[in-house]
Peer 1: 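Shown below is the structure under consideration.
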Amino acid sequence: MIVDERMVAYINSLDAGNTQFLNKIEQQARRDFVPVIRRETQSFLKVLLAVKRPMKILEVGTAVGFSTLLISEYAPAGCHITTIEKYEKRIPVARANFREAGREDMITLLEGDAMEILAGLQGSYDFIFMDAAKGQYIHFFPEVMRLLEPGGVLVSDNVLQDGDIIESHFAVERRNRTIYKRMRDYLYELKHNDSLTTSIVPLGDGVAVSIKTEG
């Protein structure tokens with residue numbers, strides 16, 4: 001963990017929670033070992049949505065649709081969410097969850113490789129939530145920047161890799177070194193790109209919040 005476990009437990013103990021349906025999806029996902037955003041990150045995302053009040057939202061990485069539905073609960077009425085998922089076994093579960101929640105009209109689920117789908121998207125989004133394969137963030141970045149409108153918010157989850165990001169290359173397990181290098185490159189780009197203002201927050205497994213420069 002990147003934050004003291006007792007502190008995280010205390011912060012989460014204060015949380016008012018989600019709807020009964022979201023709680024059900026989260027519990028099932030955890031039983032099935034499907035990754036969902038951590039409780040403290042959920043709270044942070046709710047605040048960002050309340051501040052920005054986005055109407056055109058893009059999510060990269062749907063899984064079973066928990067974060068998609070969380071966003072749909074706290075984004076303004078009339079917003080639309082486009083979400084991308086590649087893993088075939090999770091897509092029907094996500095669709096079923098959207099249908100049961102009665103949110104099919106406000107969610108478009110695009111199936112397939114995110115890199116290919118991002119390249120084919122047109123228009124712009126005022127809020128993008130990046131929660132896919134961490135080693136691909138740096139590859140998605142050019143298309144994400146193209147799609148993010150001036151003044152838009154980019155939220156990138158799981159960017160500190162349970163603390164591995166601060167270790168030396170040789171201290172990281174060999175199987176994780178490619179992801180480690182790509183994530184360090186991604187964070188450097190977020191912090192040094194002239195078109196972004198970025199804060200990296202040690203919350204959950206690390207969240208980067210970036211605002212695209214106006215104009």
Peer 1: Do M115 and Y125 sit in one hydrophobic cluster, given that two such residues count as connected whenever their side-chain heavy atoms are within less than 4.5 Å of each other, even indirectly?
Peer 2: yes
Peer 1: Does CG belonging to D32 count more than 12 external heavy atoms closer than 6.0 Å?
Peer 2: yes
Peer 1: Please tell me whether L148 and V207 are part of a single hydrophobic cluster in this structure, the criterion being side-chain heavy atoms less than 4.5 Å apart.
Peer 2: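 No, L148 and V207 fall in different hydrophobic clusters.
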Peer 1: Determine the minimum heavy-atom distance between E85 and T62, stating which atoms define it.
Peer 2: OE1-N, 3.0 Å
Peer 1: From the options P76, P54, S72, C79, select the one residue that forms a side-chain contact (heavy atoms from CB on, under 4.5 Å) with L49.
Peer 2: P54
Peer 1: Treating K134 as the side-chain partner and R182 as the backbone partner, does any N or O pair qualify as donor plus acceptor under 3.5 Å?
Peer 2: no
Peer 1: To the closest 0.5 Å, what do you measure between CD1 (I81) and CD1 (I57)?
Peer 2: 5.0 Å
Peer 1: Between the side chains of R31 and Q28, is a donor N or O closer than 3.5 angstrom to an acceptor N or O?
Peer 2: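 Looking only at side-chain atoms, Q28 and R31 do form a donor-acceptor pair, the distance falling under 3.5 Å.
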Peer 1: Would I37 and L109 show up in the same hydrophobic cluster when neighbours are defined by side-chain heavy atoms closer than 4.5 Å?
Peer 2: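 Yes; L109 is reachable from I37 via cluster members.
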Peer 1: For the pair L118 and L121, evaluate side-chain contact (heavy atoms from CB on, under 4.5 Å) and give the outcome as yes or no after the intermediate values.
Peer 2: CA-CA 5 Å; L118 288 169; L121 290 177; 4.2 Å; yes
Peer 1: Given side-chain contact (heavy atoms from CB on, under 4.5 Å), test N193 with T198 step by step and report yes or no.
Peer 2: CA-CA 9 Å; N193 190 293; T198 297; over 6 Å; no
Peer 1: If every non-hydrogen atom of H80 is compared with every non-hydrogen atom of M106, which pair is closest and at what distance?
Peer 2: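 Closest pair (atom of H80, atom of M106, distance): ND1-O, 3.3 Å.
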Peer 1: Would the number of heavy atoms belonging to other residues, nucleotides or ligands and lying under 6.0 Å from CE of M55 be above 12?
Peer 2: yes
Peer 1: Can D126 and K56 be counted as an ion pair, charged N to O under 4.0 angstrom?
Peer 2: no
Peer 1: Listed by chain and number, what are the ring-ring contact (aromatic ring centres under 6.0 Å, His included) partners of Y137, not counting sequence neighbours?
Peer 2: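 Testing Y137 for ring-ring contact (aromatic ring centres under 6.0 Å, His included), a comparison that skips the adjacent residues, returns Y186.
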Peer 1: Assess whether side-chain contact (heavy atoms from CB on, under 4.5 Å) is satisfied between L203 and V3, documenting all intermediate values.
Peer 2: CA-CA 7 Å; L203 177 81; V3 179; over 6 Å; no
Peer 1: Minimum heavy-atom separation for V64 and A29, please, with both atom names.
Peer 2: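 Reported closest heavy-atom pair: CG2-CB, 4.2 Å.
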Peer 1: Looking at CZ of R103 and OG1 of T68, how far apart are the two atoms once the value is rounded to the nearest 0.5 Å?
Peer 2: 11.5 Å
Peer 1: Report the distance from atom OG1 of T19 to atom CG of L70, rounding to the nearest 0.5 Å.
Peer 2: 8.5 Å
Peer 1: Are Y74 and I71 grouped together when hydrophobic residues (ILVMFWY) are joined by side-chain heavy atoms under 4.5 angstrom apart?
Peer 2: yes
Peer 1: Show, in sequence, the C-alpha distance, side-chain angles and deciding distance for E59 and D131, and conclude whether the side-chain contact (heavy atoms from CB on, under 4.5 Å) test is met.
Peer 2: CA-CA 7 Å; E59 178 186 47; D131 190 25; 5.6 Å; no
Peer 1: Would you compute the distance between atom NZ of K212 and atom CD1 of I128 and round it to the nearest 0.5 angstrom?
Peer 2: 8.5 Å
Peer 1: Working to the nearest 0.5 Å, report the span between CD1 of I200 and OG of S210.
Peer 2: 8.0 Å
Peer 1: Could you list all the ring-ring contact (aromatic ring centres under 6.0 Å, His included) pairs where at least one residue sits in residues 3-57, not counting sequence neighbours?
Peer 2: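 Sorted result for residues 3-57: empty, none.
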Peer 1: Any donor-acceptor pair under 3.5 Å linking the side-chain atoms of E73 with those of N18?
Peer 2: no
Peer 1: So, for L69 and N97, which heavy atoms are closest and what is the spacing to 0.1 Å?
Peer 2: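 It is CD1-O, 3.9 Å.
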Peer 1: Around K86, counting heavy atoms of other residues, nucleotides and ligands shown, do more than 12 lie under 6.0 Å from its NZ?
Peer 2: no
Peer 1: For residues M145 and E189, determine if any side-chain heavy atom of one lies less than 4.5 Å from a side-chain heavy atom of the other.
Peer 2: no
Peer 1: Spell out, yes or no, whether L154 and L160 are grouped together once hydrophobic residues are joined by side-chain heavy atoms under 4.5 Å, including indirect joins.
Peer 2: yes
Peer 1: Testing the basics here: between P35 and R90, what is the closest heavy-atom pair and its distance to 0.1 Å?
Peer 2: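 Shortest heavy-atom separation between P35 and R90 comes out as CD-NH2, 3.8 Å.
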Peer 1: Kindly check if the number of other-residue, nucleotide or ligand heavy atoms within 6.0 Å of CZ (R146) is above 12?
Peer 2: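 More than 12 within 6.0 Å, yes.
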Peer 1: Do you know which two heavy atoms are closest between E149 and S124, and how far apart they sit?
Peer 2: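 Closest heavy-atom pair between E149 and S124: OE1-OG, 3.1 Å.
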Peer 1: Please round to the nearest 0.5 Å and tell me the distance separating atom CD of E111 and atom CD1 of I91.
Peer 2: 4.0 Å
